[in-house]
Each structure stands twice: as C-alpha cells, then as structure tokens.
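Below is one structure, written out as structure tokens, with a few remarks after it.
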2 protein chains.
Amino acid sequence: MSVKTLCLAILNCGDATGYEIRKHLTEGKFSYFEDASYGSIYPTLARLEADRLVTVREEPQPGRPARKIYSITDEGREAFRRLLAEPPAPDTFRSPFLLVAMWAELAGPHVIKNALEERKTNLREEIEKLSAIREETGHPGTRFIVEYGLNCMRNDLAFLERESHRLVAIAEEGEEVLPQAAE
Amino acid sequence: MSVKTLCLAILNCGDATGYEIRKHLTEGKFSYFEDASYGSIYPTLARLEADRLVTVREEPQPGRPARKIYSITDEGREAFRRLLAEPPAPDTFRSPFLLVAMWAELAGPHVIKNALEERKTNLREEIEKLSAIREETGHPGTRFIVEYGLNCMRNDLAFLERESHRLVAIAEEGEEVLPQAAE
DNA sequence: GCGATCATATATCATCTCGATATATGCTGC
DNA sequence: GCAGCATATATCGAGATGATATATGATCGC
C-alpha cells in the first residue's frame, strides 16, 4: 500500500493539511494501516495535485506560513476506489517487545518487567483511544475496524495479564544460571 | 530496533548465512520482530564483522559462489545483551486489509469477500506454522512468544469468522446507494 | 513575567532501506 | 529436456525515514 493510497483515504474523509495527514497516520483511527513521514507525504501531495486527484487552497495566516489545505477531487475518489480493488498486501505485526521476551533469560527480570509494563500500558492507552472513537463514529466501516482493533488488543492484554508471570520466571531462572555483572 | 540487533538475535541461535538470516526474518519464528532485505542485511553483516561482533568463514562450494557463514562472538553476545536492555520501540500492527474494510461501501462486496478470504487463509497458515514451531521448540522464551502469537491469531480469526458478515452487508448496502460501473 | 517546552505547519536532506535484478547452479516436476 | 524453483551473494535506483531548520502562538511551572 502506497503513501498515495493513504493520502487519498484520509482526504476522502475530509480536507486536511500535510501536517494533519501525518497526525492521522500516527495517532487515531488511521494508524492501523501504514505509517509515512513528511518526507514522503509532501512530495506525494505535490504529485497528487499534478495528477489532478487533489486540489490545494492556501489559507494565509498572519505571521506564520500559510496552511495548504488539500481536498480530494471526483477523479481522486475514483482513483481511490480503483486502488481499493487491488489485492491488499498481507497484514504485519511487528514487535520489538517479543524479541526481548524471546530472550528473557538473557535480558534479566528487570528489563523484562519494564518491557511487560510498557507493553501493557501501551495496550490500555490504545484501548482507551479506540473506545472513544467507537462512541463518536457513525460510519459503519470505521466502527467495524475499530471493533476489530479493540477485540485484538483486549485479547492481547488479557494474555499478558494471565501469562506474564511465566516470562518473569524464565528471566529469573536465567539470572541464576548466568550471574553476569548486574546492572 | 535495528537490523544489527536482528542479525545478532538470529546468530545467537546458531550460525547462518545472509540468505538464511533473510529467510528467518521473512518466515518462521523470527518474522514477528522486524523485516529487513538483502540490501540492509549484507552491509550490516560487513559492519558487524568489522566491529568483531561476528566472524565469517567461507565454505567453498564446487561450481557455485562460496557460502559465507557468520558466527556470533562473545563480544557480539555481550553487545546483544546490552541492546536488549534498551527500551524497545512500540509494537505495531499494520493492516492494508483494514483500510479496504474501512471503505467497504466503496470497495464493493466482491472486493470485500476476496479480502476477507485472503486474510482468513493467511491467518490459518500462520497458525499452522506457529503450531509446528511450538511442538518442536524446547526453548522457553520461544515457546512464550509462539503462544502469544497463536493466542493473537486465533482470536483474530474467530472475530472474522463471527463478524465478517457485517462487513459484507455494508459493502452490499453501499453498492445499492452507489451503483457505479460494475466490475 | 520569563524561560522552557509543546503544538502547529512547511520543508529539506543525508542516510538508510526496499524491491528488483544480475549471476550462477542444482534439483524437481511434467 | 527444460521450465521453474531453491540456494546464495551482491548491487543499484527509487523511495522512505528521522532529524533538523524555520517560525510563532499557547501553556505551564516557578
């Protein structure tokens, strides 16, 4: 999935600046698709404008640089619909946490406990955010994907709350076997 | 998490060539951390060797280019342990599938049904693979992360099997409202 | 009231990474 | 017999990241 598709998806919900598009991709309901940085968003928006899939209007602001507000065109909406029909790339779950967990006996109980707490806090925050979006939205597709996310994260959190003691035990046993310079 | 950490993690399990490292990251139990391509793996291995964190031995093969087999050193193991102690980056779930699902009314029932089937097949395959790894491994950390993954994917699959009819309904209603040139 | 930090907003750039491709060969299925 | 795939190393153009520069209002502690 390309940055182009992402920008069109967000603009399909309403006008936005490059900055706002980036925020949507980082936080909120659009953060489960793909990420993108300014270095790819701004050039993409320029290309979309050249291809007439979006239009820009500049809103001058006294003192600071003008906001460039992008809107999707009918042509853009049609292009987006065609992009949706292409077979989507496989979903991915990428977890630095699991790498640490895998090597619990090397990492030690201190590192493991921190990583577990961090991960659980993270999940709780995400669940909060998604619950809020769920209450607000009237769009059925959005509601579906938010409920998908909630189901997934609540399950993850429950697993960690139920099983994390096993990981701590592995880390503690590892420390007995490998009594390295404690930190 | 850097490619460096990934390479050390895999070599910490046993010697490997660049090709094998890439395979581990793409398939198997290491595929839940981060991905990396040859274009980053080969330069990283060269740097690791220069830093004395790994060693190489060339195994000549009659007719074809020699295998370069990399091994982690004691220094490398210590560096890996230090890298594990660094606060891990947050986990991410990236889903092109959910983008299509969000816009079910635009994508239409045909596209949605395909995407759903594709996603479910994908999950079943992953569950198969993880179940096999679970049976084989004797390493407690590996068992933990494999069970984490299994728990997550079984839950995902159950949600889709239970709820996907809702998504199809959204797509079908959308088609009535927007009777575009059918494909 | 004043400095620090943060949020808004655009934009660039060195560095890194990806995806495709080149090269070379054995094995397997049809 | 040969097309296609797996093994294996390596490179390269195109594209993406993460950091940084610029500019300013808002907020908050002290």
Side-chain angles (χ1 to χ4, degrees), chain A residues 1-7 10-11 14-28 30-31 33-51 54 56-71 86-90 92 94 96, chain B residues 1-7 10-11 14-28 31 33-51 54-71 86-90 92 94 96:
Chain A
M1 195 174 35
S2 59
V3 181
K4 179 176 162 180
T5 317
L6 289 170
C7 288
I10 290 168
L11 292 174
D15 297 354
T17 66
Y19 181 79
E20 287 165 345
I21 288 174
R22 161 81 205 196
K23 264 192 66 185
H24 276 123
L25 289 177
T26 312
E27 314 158 20
F30 291 103
S31 61
F33 309 144
E34 290 281 347
D35 205 358
S37 66
Y38 294 132
S40 53
I41 291 170
Y42 285 119
T44 299
L45 286 172
R47 229 177 311 136
L48 285 173
E49 198 205 344
D51 295 344
V54 303
V56 208
R57 62 175 192 281
E58 293 209 15
E59 196 180 78
Q61 299 216 281
R64 60 171 93 181
R67 299 176 76 210
K68 286 187 177 179
I69 302 167
Y70 292 86
S71 311
E86 284 176 15
T92 55
R94 288 296 130 90
Chain B
M1 198 173 34
S2 59
V3 181
K4 180 176 161 180
T5 316
L6 289 170
C7 289
I10 289 168
L11 293 174
D15 297 355
T17 66
Y19 180 80
E20 287 165 345
I21 288 174
R22 161 81 206 196
K23 264 191 65 185
H24 275 122
L25 290 177
T26 312
E27 314 158 21
S31 60
F33 309 145
E34 292 281 346
D35 204 358
S37 66
Y38 294 131
S40 52
I41 290 170
Y42 284 119
T44 298
L45 285 171
R47 230 176 311 135
L48 285 173
E49 198 205 343
D51 294 346
V54 303
T55 55
V56 208
R57 62 176 193 280
E58 293 210 15
E59 196 178 79
Q61 300 217 280
R64 60 172 93 180
R67 282 161 52 96
K68 285 187 177 179
I69 303 167
Y70 292 86
S71 310
E86 284 177 14
T92 55
R94 287 296 129 91

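All of these numbers come straight from a predicted model, not from anything done at the bench.
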Pull out every protein N or O sitting under 3.5 Å from an N or O of nucleotides 10-13 of chain D, one pair per line with the distance.
| unit_1 | atom_1 | unit_2 | atom_2 | d |
| --- | --- | --- | --- | --- |
| dA10(D) | OP1 | K68(B) | NZ | 2.7 |

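Counting to the nearest Å, the P atom of dA16(D) and the CD atom of E34(B) are 18 Å from each other. Look at CZ on R67(A): it is 10 Å from P on dT8(C), rounded to the nearest Å. Rounded to whole Å, atom C1' of dG18(D) lies 11 Å from atom CG of D35(A). For the pair R57(A) CZ and dA9(C) P, the interatomic distance rounds to 13 Å; values are reported in whole Å. The separation between I41(A) atom CD1 and dG18(D) atom C1' is 13 Å, rounded to whole Å.
Put simply, the side chain of R94(A) gets close to the backbone of S31(B): a donor and an acceptor are under 3.5 Å apart. Proximity of a side-chain donor or acceptor of E20(A) to a complementary backbone N or O of T17(A) within less than 3.5 Å is detected.
Annotation: salt bridge (Lys or Arg N to Asp or Glu O under 4.0 Å) contacts of R47(B) (sequence neighbours excluded): none. By the side chain to side chain donor-acceptor pair (under 3.5 Å) test, T26(B) is found to be paired with R22(B), residues two or more places apart in sequence or in another chain being considered. For T5(B), the side chain to side chain donor-acceptor pair (under 3.5 Å) partners at least two apart in sequence or on another chain are S2(B).
Here the straight-line distance linking atom OG1 of T44(A) with atom NZ of K4(A) works out to 9.5 Å at 0.5 Å rounding. Of the inter-residue distances, the one linking L48(A) atom CG with I41(A) atom CD1 reads 11.5 Å to the nearest 0.5 angstrom.
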So I10(A) and L25(A), side chain to side chain contact (heavy atoms under 4.5 Å, CB included) or not? Walk me through it. CA-CA 9 Å; I10(A) 290 168; L25(A) 289 177; 3.7 Å; yes

Would you sort out whether L45(A) and V56(A) count as a side chain to side chain contact (heavy atoms under 4.5 Å, CB included), showing the intermediate values? CA-CA 9 Å; L45(A) 286 172; V56(A) 208; over 6 Å; no

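Comparing the axis of the opening five pairs of the helix from dG1(C)-dC30(D) to dC30(C)-dG1(D) with that of the closing five pairs yields an angle of 50°, rounded to 10°.
Side-chain contact between D35(B) and T92(A) is absent, with no heavy-atom pair separated by less than 4.5 Å.
Between Y38(B) and Y19(B), the ring planes lie parallel to each other; the angle is under 30°, not in the 30° to 60° tilted range.
Using a 4.0 Å cut-off on heavy atoms, none of the residues of residues 14-26 of chain B approach DNA chain C.
In terms of phosphate contacts, S40(B) brings no side-chain nitrogen or oxygen within less than 4.0 Å of OP1 or OP2 of dT17(C).
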